[in-house]
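So the structure is just underneath, and the comments pick up after that.
Since the model is a prediction, treat every value here as computed from it, not as a measurement.
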Amino acid sequence: MMIPLTPQVEIVLAIVAYSLCSGSLVLVNKLTLHYLPFPSLVIAFQLAACIALIYGAKILGYMEVDPFKWEFVKPYALYIGFFSCGVYCNMRSLATSNVETVIVFRALAPAIVAFLDAMFLGREWPSQRSWTGLGVLVLGAYMYASEDEKFQTQGLSAYVWPGLYSIIIALEMAYGKKIVKSVPLKTRSGPVIYTNVLGFVPMLLFATVGNEYGKFWEFWWSNSEHHLPPISVGLLIVGSLVGTGIGYSSWWCRSIVSATSFTLIGVMNKCLTILMNLLIWDQHATAGGIFALFICISGGMIYEQAPMRGANPPGDPIEKVDVETVKEEVNLMAAESPGAAQKRRG
């Protein structure tokens, strides 16, 4: 039996869960690609592991899962296109750029989603404060590019994959919010299983296009003692568990905040990623680049969620919760629960 939660507490829990998973998955995938340079096959493995975990839990009676219905597959088809292309561009970006570059372009996505929110999802246009925050985001991205060695030597070609990722993730976030509102799935596992099952085949196709199967077998037989580096197996397992967690927490969070706010949360939680990336190895941006990155994140702190147009419908208190309420609730929970705060830091 689930414990009833107030809208404010539910938002906080969803944000914390999503932030922990999202903040760590970027770094886990970066490390995985360092040992296994096969982006599409790595993602396909993570998707398959998530599917196995969900149906395994269903067979054991631990959870219910929505059945597949054609009427639900059709609206998810376009989302899967965005999702698959976005994941592929993200992995290609991580393979060719440092983590900070990917985060900067991720930070630009809210500026695009803000327009989509107002044009297609029934929200008001951003307030003056929010436009200021989005402007700071763009300024930080410009400052980062001026400090980035790859941009200085390769020009715009260095940002092809990160740029595509930024555009596609914005479309994915906006359309994902539309799906949450329009597709009546009964369980939280529904969106996760639809996304993973329908996204598995496109990942295999991306692997074919990139000739990853042939490269993988060459890699496999290049070391007869350990076909795969032992650490890579551990990273695959960790990535699969975190990937399953982000599947649940992202759809949960997406269902109770606006598309722009959800996108910004994905940017803000990368502070953890930046810190861990600095501590683990030397493949990171310069001091000036990291400063510019925190300028981007500060822009996200300035932004506030735009309200829905007109009065909120009765029985929909979640839309009345603004960013300041969430911040106050987070601070309260951190003050009252040292154990939870320590867990988040870990």
Side-chain angles (χ1 to χ4, degrees), residues 11 15 18 22 75-76 78-87 89-90 93 101-145 156 159-183 250-251 253-270 292-293 295-313 316 318-324 326:
I11 287 179
I15 289 174
Y18 175 58
S22 179
Y76 267 89
L78 180 57
Y79 177 80
I80 292 304
F82 293 142
F83 169 79
S84 301
C85 292
V87 169
C89 290
N90 178 47
S93 299
T101 300
V102 177
I103 295 175
V104 165
F105 276 87
R106 179 72 165 77
L108 291 174
I112 304 173
V113 179
F115 282 91
L116 299 175
D117 243 345
M119 294 174 66
F120 302 108
L121 296 177
R123 288 196 175 269
E124 297 284 356
W125 287 97
S127 64
Q128 184 176 356
R129 169 180 166 175
S130 296
W131 282 122
T132 301
L134 294 174
V136 172
L137 280 172
V138 176
L139 174 63
Y142 174 79
M143 293 172 60
Y144 181 87
L156 291 175
Y159 290 163
V160 171
W161 288 112
L164 288 172
Y165 171 62
S166 181
I167 295 171
I168 293 172
I169 198 72
L171 295 172
E172 177 192 338
M173 295 299 175
Y175 189 69
K177 181 66 177 181
K178 178 179 175 61
I179 286 181
V180 166
K181 291 182 175 181
S182 61
V183 179
S250 63
W251 283 105
C253 192
R254 179 184 276 126
S255 68
I256 55 180
V257 301
S258 73
T260 308
S261 295
F262 177 71
T263 311
L264 276 167
I265 292 166
V267 174
M268 301 295 293
N269 60 42
K270 297 304 185 292
L293 178 54
I295 293 292
C296 291
I297 292 174
S298 67
M301 297 177 67
I302 296 172
Y303 181 88
E304 60 182 358
Q305 176 172 296
M308 299 297 292
R309 292 196 190 100
N312 289 321
D316 188 18
I318 291 175
E319 296 294 351
K320 298 178 183 178
V321 180
D322 60 17
V323 174
E324 295 302 322
V326 175

Item to complete: Report the relative orientation of the aromatic rings in Tyr79 and Phe83; use parallel for angles under 30°, tilted for 30 to 60°, perpendicular for over 60°.
Response: parallel
Discussion item. Once rounded to the nearest 0.5 Å, what's the spacing between atom NZ of Lys178 and atom CG of Asp117?
Written reply: 12.5 Å
Worksheet item: Any side-chain heavy atom of Phe105 sitting closer than 4.5 Å to one from Trp161?
Response: no
Discussion item. Please find the pair of heavy atoms, one from Ser130 and one from Pro126, that lie closest to each other, and give the distance.
Written reply: CB-CB, 3.6 Å
Discussion item. Parallel, tilted or perpendicular, judged at 30° and 60°: which one describes the rings of Tyr175 and Phe82?
Written reply: perpendicular
Response to the item:
Residues Cys253 and Ile15: closest non-hydrogen pair is SG-CG1, 4.1 Å
Item to complete: Mind listing the closest non-hydrogen atom pair of Leu171 and Leu116 along with its distance?
Response: CD2-CD1, 4.1 Å
Fill in: Contact summary for Ile112 and Ser166, nearest pair of heavy atoms
CD1-O, 4.3 Å
Item to complete: Ignoring hydrogens and angles, tell me if any N or O in the side chain of Trp125 forms a donor-acceptor pair with the backbone of Ala118 under 3.5 Å.
Response: no
Worksheet entry | CE on Met173 to CD1 on Ile168, rounded to 0.5 Å | 12.0 Å
Worksheet item: For the residue pair Leu164 and Cys89, what are the closest heavy atoms and their distance?
Response: CB-SG, 3.9 Å
